[in-house]
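One structure is given below, encoded as structure tokens.
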Protein chains: 2
Amino acid sequence: MARKSGSHSEITGPRIRAEAQRLFARHGFAAVSMRQIAAAVGLQAGALYLYTPDKESLLFDLLKGHMDDLLAAWAATPRAASPLSRLEGFVRFHIRFNLDRAEAVFLSYMELRNLGPANFATIEALRRAYEDELEAILRSGQAEGSFMLPDTKLATLAIIAMLTGVNTWFREGGRLSRATVEEIYWDMVRKAAGA
Amino acid sequence: MARKSGSHSEITGPRIRAEAQRLFARHGFAAVSMRQIAAAVGLQAGALYLYTPDKESLLFDLLKGHMDDLLAAWAATPRAASPLSRLEGFVRFHIRFNLDRAEAVFLSYMELRNLGPANFATIEALRRAYEDELEAILRSGQAEGSFMLPDTKLATLAIIAMLTGVNTWFREGGRLSRATVEEIYWDMVRKAAGA
DNA sequence: GTCTATAGAAAGATAGAC
DNA sequence: GTCTATCTTTCTATAGAC
């Protein structure tokens, strides 16, 4: 199993993605050069091309990986019995998951326009699938009369925008703990849903 | 008053800003070159530097102009008598103003990180001033007992995030008119505020 | 006020040595 | 698997002609 020294493919790939994510989130995709990413990892620029065919693919891998993780994590969340409990679960899940991955979330919202049409469509479909999870909850609650919503599609988009907004201001160690933020947002979402 | 032909300073400046805004919004600040902007206006790149000292200043002028317009437009809006009416006025104003200037709004949220510290602080202060307008409404309603909010600061941020989210999906001629969107969001905001 | 021309730096990506 | 070196293109910004 011994490898030649200087051979690190299993560790270098993830490190490249990690540094690229950090730099893209901080400065923006177009503002970050391959040389900067390589320097952050401790490589020369040319070596990056052993791990990605080009810069856009590096971005796409990050966005795709994030969306896959998001959907997998939600799928792994136990399904509560009532629509109201499922909505509460979604609110808490979304805030928690997004705060844990602030950089990836930021990228997924900001750098979509740097993807080509095919890659863009792939990410959009995953985002839509996630939105559909919330919309299904709202529809079921609407159907059984426990929610009062003027429009389930708009409520879906409004709730997700509101929850994702937490990432723009939340700072660890600030005035409010994560748990308190969850409580406050759940209160507002519950009321907005007419529950 | 006759000018030499080829002399267009009064019209060229605004056209540069208009094209820059369009291109920055579409492709991102860092991804757009001065040559592209010049070509869109019908100039050579060097001519742009008669109107802006550098690329960042061009971006800053757009963001600053947008925030000034936003605050001026809100200040010009008649102040309703009750907190509930003022909140409704804010919701409708925000949706309307932002939909009318989708590109500028997009820029103001996406390209802040391309500003230097001083310019960044200027824009942030203006954004804060706008948030304070909504927070004052929420506080007054909370004080007189017509709103029931767990936290006025978070409610401010949540409502603005929710309303600004309209810009990401609204398309003229789609399923819903602007007026209907305003109604639906006002319904959700009113309920979320416990009013 | 705008153009042409260009300086000087930096970008993405590839070739070949080790 | 990584590095050095480089090709080619493009960038921001400036100088000087008109």
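Everything numeric here is computed off the predicted structure, so don't read it as measured data. Below, read A as the first sequence line, B as the second, and so on, with proteins coming before strands; counting in each chain starts at 1.
- Ion pair A:E124/A:R128 not flagged as a salt bridge, since none of the NZ, NE, NH1 or NH2 atoms sits closer than 4.0 Å to an Asp/Glu carboxylate oxygen.
- Judged by distance alone, with hydrogens and angles left aside, the side-chain atoms of A:T156 form no donor-acceptor pair with the main-chain N or O of A:L134 at under 3.5 Å.
- Within 4.0 Å of B:L50, counting heavy atoms only, lies at least one base atom of the nucleic acid.
- Taking atom NZ of B:K55 as the reference point, atom C1' of D:dA13 lies 12 Å away to the nearest angstrom.
- At a non-hydrogen distance threshold of 4.0 Å, A:R35 from residues 18-40 of chain A come into contact with DNA chain D.
- In this structure B:D69 satisfies the side-chain contact (heavy atoms from CB on, under 4.5 Å) test together with B:F97, B:R101, sequence neighbours excluded.
- Distance alone, capped at 3.5 Å, places no donor-acceptor pair between the A:R35 side chain and the A:A45 backbone.
- Legend: residues meeting ring-ring contact (aromatic ring centres under 6.0 Å, His included) with B:F170, ordered by chain and number and at least two apart, are absent.
- Closest to the side chain of A:Y49, from the set D:dT2, C:dT14, C:dT2, is C:dT14.
- With respect to the salt-bridge test (charged N to carboxylate O, under 4.0 angstrom), the residues B:R96 and B:D100 do not qualify.
- The aromatic rings of A:H94 and A:Y130 lie parallel to each other, their planes meeting at an angle below 30°, with 60° marking the opposite boundary.
- For the helix from C:dG1-D:dC18 to C:dC18-D:dG1, the rotation axes defined at the first and last 5 base pairs enclose an angle of 0°, given to the nearest 10°.
- Distances shown here put every side-chain N or O of B:Q44 at or beyond 4.0 Å from the OP1 or OP2 atom of C:dT2.
- Within the structure, a side-chain polar atom (N or O) of A:T12 is placed less than 4.0 Å from OP1 or OP2 of D:dT2.
- In this entry the distance linking CD1 of A:I11 with C1' of D:dT2 reads 16 Å, nearest Å.
- Residues satisfying the side-chain hydrogen bond (donor to acceptor under 3.5 Å, both in side chains) test with B:R139, not counting sequence neighbours, are B:E135, B:T152.
- Remark: P of D:dA13 and CG of B:L58 are 10 Å apart, rounded to the nearest angstrom.
- Legend: residues meeting side-chain contact (heavy atoms from CB on, under 4.5 Å) with B:T52, ordered by chain and number and at least two apart, are B:M34, B:S57, B:L58.
- D:dC11 atom P lies 19 Å from atom CD of B:E56, rounded to whole Å.
- Checking D:dA13, D:dC3, C:dT2 against every side-chain atom of A:L43, the shortest atom distance belongs to D:dC3.
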